[in-house]
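First listed ligand is number 1; within each ligand, the first listed atom is number 1.
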Amino acid sequence: MQPRSKLTITIDKDVLMDAKKAAKEKRVALSQVVENFLQFFADPQLYCFKCGEKLGSEGAELCAKCGWLVCPHCGACRCELDEETAVAVFHMRRVYEDLLTGRVK
Ligand SMILES: [Zn+2]
Ligand SMILES: [Zn+2]
């Protein structure tokens, strides 16, 4: 196990109360939730919409034509999708981007 560090943060009281409640219901430690999120925040992991393999946003190439990450496993990007599917994928990604308070890439 990695050495543990203490983190002191100041956040909205209600947010913390709700988070503690949710963590209790899910039976996870709040520290674990924060740690997972920070890990994701520092190095967001996505799943390829086509082959389902995990792809880190670090190191993945962007397609010059569509501007999306190109899957290093199967080479898929937006260019392979029809308009309707591309829009659906785009909106799903917004969940990440809201969470990360910024674009995934
Ligand atoms: Zn893929
Ligand atoms: Zn493309």
Check your understanding: Is the shortest heavy-atom distance from the side chain of Val28 to the side chain of Asn36 under 4.5 Å?
Key ->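 Val28 does not reach Asn36 side chain to side chain.
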**Study point:** Within-4.5 Å side-chain heavy-atom neighbours: Arg78 and Glu83
**Key:**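 Yes, their side chains come closer than 4.5 Å.
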Check your understanding: Side chain of His73, backbone of Lys54: donor and acceptor closer than 3.5 Å?
Key ->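 Answer holds: yes.
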Point to revise | Angular separation of SG (Cys79) and SG (Cys77) seen from the Zn ion (ligand 2), to 10° | key: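 Approximately 110° at the metal, rounded to tens of degrees.
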Check your understanding: What does the angle at the Zn ion (ligand 1) come to, between atom SG of Cys71 and atom SG of Cys48, rounded to 10°?
Key ->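 Centred on the Zn ion (ligand 1), the SG/SG angle is 110° (to 10°).
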Exercise for review: Treat each ILVMFWY residue as a node, draw an edge where side-chain heavy atoms are under 4.5 Å apart, and state whether Tyr47 and Leu69 are in one component.
Suggested key: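 Result: no, two separate clusters.
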Exercise for review: Examine all N, O or S atoms of His73, backbone included, and report whether one is under 2.8 Å from the Zn ion (ligand 1).
Suggested key: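 Under 2.8 Å: His73 has no N, O or S contact with the Zn ion (ligand 1).
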